[in-house]
Amino acid sequence: MVSWGSLPQQVASARLWCWHGTKLSYDRAYPLISVLSELHTNALRHTASGGPCGRVRMEMEGRRGMFWLAVTDDGVLPGAAPTVPEPGTGFGLRLVDRLATGWGWFGVPGHPITVWAVVDPRGGVSPVPAGEPAGTARLEVPAQRAAG
């Protein structure tokens, strides 16, 4: 897990972290980098992560050519009503929805929320493990880890 501060300029550093972590060419890693960038930016814009002393925590794992990533924010902005991530009129989560094989969130509204996504940088071609029928390939989403 890595942690970034509240400065918007740190999104660029997170993109580099993501790209280098994939060990893929930039054009192959681009969908994953875009998803991570949107989730990071949303955390800075819509949660306490963008405030003074805010932070955004990230994880990324690769399996069978696919990548699972998670972005955890600092919870609701002081004085704001709790919200949950959902595609709306904005561009960010609609882009995530188009680029990710799947995405979702866990946590309690008003408290830190983790938004996760599974991205296949190969363009949606899912591998089928040996011995499984076609169409059953999947990337298991790692269980929620205890905060610490």
Side-chain angles (χ1 to χ4, degrees), residues 1-24 26 28-127 129 135-148:
M1 180 180 292
V2 295
S3 183
W4 305 95
S6 61
L7 298 175
Q9 298 88 333
Q10 292 184 331
V11 175
S13 296
R15 285 187 206 114
L16 284 174
W17 168 81
C18 177
W19 176 33
H20 292 292
T22 68
K23 298 182 174 60
L24 297 172
Y26 188 81
R28 289 290 300 271
Y30 188 77
L32 182 65
I33 295 166
S34 296
V35 167
L36 179 105
S37 181
E38 289 298 331
L39 296 181
H40 190 172
T41 300
N42 281 352
L44 293 177
R45 285 187 182 162
H46 303 294
T47 74
S49 293
C53 300
R55 63 186 177 153
V56 177
R57 290 161 308 284
M58 296 179 190
E59 297 177 74
M60 183 173 68
E61 292 183 25
R63 292 188 190 156
R64 297 182 182 155
M66 297 174 72
F67 291 86
W68 173 84
L69 59 91
V71 175
T72 303
D73 63 41
D74 276 345
V76 69
L77 286 164
T83 61
V84 296
E86 59 185 350
T89 58
F91 178 73
L93 286 179
R94 287 189 297 160
L95 179 65
V96 170
D97 194 53
R98 297 278 294 179
L99 293 175
T101 303
W103 72 276
W105 63 273
F106 56 84
V108 177
H111 297 276
I113 288 179
T114 298
V115 182
W116 60 266
V118 176
V119 179
D120 185 346
R122 297 165 299 183
V125 178
S126 297
T136 62
R138 62 192 168 280
L139 178 70
E140 294 176 17
V141 176
Q144 179 178 359
R145 296 188 176 110

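Atom set for the values below is all heavy atoms of this structure, side chains included, hydrogens, waters and symmetry mates excluded.
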Between atom CD1 of I113 and atom NE2 of H46, what is the distance when rounded to the nearest 0.5 Å?
12.5 Å

Considering non-hydrogen atoms only, spot the tightest contact between P31 and L99 and give its length.
O-CD1, 4.0 Å

Whether W4 and H40 hold their rings parallel, tilted or perpendicular, with breakpoints at 30° and 60°
tilted

Using only atom types and a distance under 3.5 Å, with no angle test, would you say the side chain of T22 pairs donor to acceptor with the backbone of W19?
yes

What's the spacing between W103 CH2 and W116 CH2 if we round to 0.5 Å?
9.0 Å

Would you name the heavy atoms of T47 and L77 that are closest together and state the gap between them?
O-CD2, 3.2 Å

Distance-minimising heavy-atom pair for A81 and V76
O-CG2, 3.7 Å

From W68 CH2 over to R63 CZ, what is the distance, rounded to the nearest 0.5 angstrom?
9.0 Å

Can any side-chain N or O of R57 pair as donor or acceptor with the backbone N or O of D73 at less than 3.5 Å?
yes

Step through the shown structure and confirm whether more than 12 heavy atoms of other residues, nucleotides or ligands are within 6.0 Å of CZ on R94.
yes

Heavy-atom closest pair (P85 atom, V115 atom, distance to 0.1 Å) is CG-CG2, 3.5 Å

Quick one: are F67 and L24 in side-chain contact, heavy atoms under 4.5 Å?
yes

To check you understand the geometry: which heavy-atom pair defines the closest contact between E38 and V96, and what is its length?
CB-CG2, 3.9 Å

Shortest non-hydrogen contact from L44 to L7?
CD1-O, 4.0 Å

Check each of L39, V35, T41 against V71 using the side-chain contact (heavy atoms from CB on, under 4.5 Å) test, and report the only one that passes.
L39

Please determine whether side chain to side chain donor-acceptor pair (under 3.5 Å) holds for the pair S3 and R55, giving the CA-CA distance in whole Å, both sets of side-chain angles, and the decisive distance to 0.1 Å.
CA-CA 6 Å; S3 183; R55 63 186 177 153; 4.7 Å; no

So does G51 get a backbone contact from the side chain of S6, meaning a donor-acceptor N/O pair under 3.5 Å?
yes

Are L32 and M60 packed together at the side-chain level, in the sense that at least one heavy-atom pair is separated by less than 4.5 angstrom?
yes

Is a side-chain donor or acceptor of T114 paired with a backbone partner of T72 at a separation under 3.5 angstrom?
no

